[in-house]
2 protein chains.
Amino acid sequence: MPVTAPSLATAQQPGIASHAGGKDALAQRVILLLDRLSRLTRELQFAGGLNPAQWEALRFIAQANKYSRSPTALAEYLGATKGTVSQTLIALENKGLITRCKKTCDRRQVDLCLTDAGQAMLARDPMQTLEQASLEIADELGAEMVKGLTRLLHDLQARHQVVEFGVCQECSLFCVNSGNGSLDGADGACGSTGEAIDAVEKSKICINYKTVS
Amino acid sequence: MPVTAPSLATAQQPGIASHAGGKDALAQRVILLLDRLSRLTRELQFAGGLNPAQWEALRFIAQANKYSRSPTALAEYLGATKGTVSQTLIALENKGLITRCKKTCDRRQVDLCLTDAGQAMLARDPMQTLEQASLEIADELGAEMVKGLTRLLHDLQARHQVVEFGVCQECSLFCVNSGNGSLDGADGACGSTGEAIDAVEKSKICINYKTVS
DNA sequence: GGGCTTTGGTATCGGGTCGATACGATGGAA
DNA sequence: TTCCATCGTATCGACCCGATACCAAAGCCC
């Protein structure tokens, strides 16, 4: 019966943490809910002939900027080893969903790109059913959810040393185009590499992201 | 580097759904956050010599009532097959964390119980680090989070037919003890089996849970 | 320029999980 | 008793993934 995982159906569960106060009960409940959601989403991602790791890789490649579309960046993002990621990528390439081209600047590096089939596959991302669900609650609860989940994630990251990923244009290294000649046509530049960043790239995920401190 | 998974660090990500309205952007962000949390929590649960499935089984056994401490119930709860669950349970028994005893009423069935070592292990549940984190946000955001996550879960369940699990005392079959003789000392009874339910049992998870309709 | 180290990726191996299938055992019904 | 449904287990195989070893390209230092 490997269909989908069930979950607790009640809105209140006073008994789970019977010895604790209301605050602890809430915390316990959050954990339980995340646990269930986790399992459900994992199961959802066995659709379309791909496995969860492959779906996540596909999503990452679509969202990563030019510094991050590499096996190593993906490995850090997923918390997996390079070898593991390599296999995932080979599988995706064999299915015709991505291409792997050697970069010209450094011929060791591999540039990962979505093919048209890959784009089409992303349009059938099983996580979109989750998106449907969250759309319906977005109006009243969306902002709070994002706030809470974000904080949860940060707290968790703080407890384990974890590589930060973030959007290019919010990086402390990002320089807005001030109008001098060298960056004409670009929206800004990376303070680390000095390269121009265009409008598309600047809103993507970068492996070199640094929080403004 | 199989340590822990990274995650997006920014609070705002306008670019992920650049073509969409604010509502869609929120939904996308929720998905991304859940995705990351999912991966992180999964990785957390490889601690203590157990794997995620084993931790989940341990937690379930601790929280399940007498009708639900069985391999079949666990299989439904986890969305796994009986065979798979059987292996998980064997592993837990070999580690001395649970016992498997044949029930007296129906000798086909197996009653799962935590040992003292199992209880002790649960006290070191890696998900408790998540609890620490949620405790800190419980005050301002806990209630909203629970509400949102619960709705998300329900929406998801509705889209896939999924067995409902819930707490005994909130089940539509639960009968509060009205004071007649047969249930003296008990808090109530199960309307399906007719058996008495005591205070401890009534707040546990039951596989036969039915929503009040 | 010759080594040496470092870094990005890949190939191969083996352990472990999990689903599928088949099976044994018990209980219930005719 | 006989058949069948149900609970649970055993066995097999596919697949995921980490570990290790390895190759190729780049950087360093003399």
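Chain A is the first sequence line, chain B the second, and so forth, proteins listed ahead of strands; every chain is numbered from 1. Excluded from the calculations below are hydrogen atoms, water molecules and symmetry mates; all remaining heavy atoms, backbone and side chain alike, are included.
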**Student:** Send over the distance from B:Asn94 CG to C:dT17 P, rounded to a whole Å.
**Tutor:**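 So the two atoms are 12 Å apart, to the nearest Å.
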
**Student:** Expressed as a whole number of angstroms, how long is the span from B:Glu43:CD to D:dG18:C1'?
**Tutor:**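 Roughly 11 Å, once rounded to whole Å.
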
**Student:** Taking the nucleotide of DNA chain D with the closest heavy atom to each, which residue, A:Val85 or A:Arg107, is nearer the 5' end?
**Tutor:**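 Its nearest nucleotide being more 5', the pick is A:Val85.
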
**Student:** Please give me the minimum heavy-atom distance between A:Val85 and A:Ala80, naming the atom from each residue.
**Tutor:**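 What the structure gives for the nearest pair is CG2-CB, 4.1 Å.
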
**Student:** I would like to know whether A:Cys190 and A:Tyr67 meet side chain to side chain contact (heavy atoms under 4.5 Å, CB included); could you show each step before the answer?
**Tutor:** CA-CA 10 Å; A:Cys190 175; A:Tyr67 302 128; 4.0 Å; yes

**Student:** Quick one: does A:Arg59's side chain get under 4.5 Å of A:Leu122's, heavy atoms only?
**Tutor:**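 Counting from C-beta outward, A:Arg59 and A:Leu122 do come under 4.5 Å.
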
**Student:** Going 5' to 3' along nucleotides 4-11 of chain C, which nucleotides have protein heavy atoms under 4.0 Å from the base (write B), which only from the sugar-phosphate (write S), and which from neither (write -)?
**Tutor:** ---BBBBB

**Student:** Whole angstrom is fine here: how far is it from NZ in A:Lys95 over to C1' in D:dC15?
**Tutor:**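 One finds 11 Å between C1' of D:dC15 and NZ of A:Lys95, rounded.
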
**Student:** For the residue pair A:Phe165 and A:Phe60, categorise the inter-ring angle as parallel (less than 30°), tilted (30 to 60°) or perpendicular (more than 60°).
**Tutor:**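 Answer is perpendicular, since the angle exceeds 60°.
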
**Student:** From CG of B:Leu74 over to P of D:dC7, roughly how many Å is that when rounded to an integer?
**Tutor:**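 About 14 Å, once rounded to whole Å.
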
**Student:** OG/A:Ser70 to CG/A:Asp111 distance, rounded to the nearest 0.5 angstrom?
**Tutor:**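 The distance works out to 8.5 Å.
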
**Student:** Indicate the atoms forming the closest heavy-atom contact of A:Lys204 with A:Ala64, along with that distance.
**Tutor:**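 Scanning both residues, the minimum pair turns out to be CD-O, 3.5 Å.
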
**Student:** Minimum heavy-atom separation for A:Cys168 to A:Phe174, with atom names?
**Tutor:**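 Scanning both residues completely, I find the closest heavy atoms to be O-CB, 3.4 Å.
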
**Student:** Rounded to 10°, tell me the angle between the two end axes of the helix from C:dG1-D:dC30 to C:dA30-D:dT1, each built from five pairs.
**Tutor:**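 Between the first-five-pair axis and the last-five-pair axis there is 10°.
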
**Student:** Could you check how far CZ of B:Phe46 sits from C1' of C:dG16, rounded to whole Å?
**Tutor:**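 Roughly 9 Å, once rounded to whole Å.
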
**Student:** Against B:Gln109, only a single residue in B:Arg69, B:Lys102, B:Lys103 fulfils side-chain contact (heavy atoms from CB on, under 4.5 Å); can you say which?
**Tutor:**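 Checked B:Arg69, B:Lys102, B:Lys103 against B:Gln109; only one passes side-chain contact (heavy atoms from CB on, under 4.5 Å): B:Lys103.
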
**Student:** Give the rounded distance in Å between these two atoms: OH of B:Tyr67 and C1' of D:dT6.
**Tutor:**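 Going from B:Tyr67 (OH) to D:dT6 (C1'), I get 19 Å.
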
**Student:** Using a cut-off of strictly less than 4.0 Å between a heavy atom of the residue and any atom of DNA chain D, enumerate the qualifying residues of residues 51-61 of chain B by number.
**Tutor:**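 Heavy-atom contacts with DNA chain D come from no residue of residues 51-61 of chain B; none.
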
**Student:** Check A:Leu33 against B:Val146 and note the closest heavy-atom contact, atom names and distance.
**Tutor:**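 Closest approach of A:Leu33 to B:Val146, heavy atoms only: CD1-O, 3.8 Å.
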
**Student:** Can you list the steps and then say if A:Ser38 with A:Asp35 is a side-chain hydrogen bond (donor to acceptor under 3.5 Å, both in side chains)?
**Tutor:** CA-CA 5 Å; A:Ser38 202; A:Asp35 200 32; 5.6 Å; no

**Student:** Is there a side-chain contact between A:Leu34 and B:Thr41 in this structure, where contact means two heavy atoms from C-beta onward sitting under 4.5 Å apart?
**Tutor:**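 Not touching, per the 4.5 Å side-chain cut-off.
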
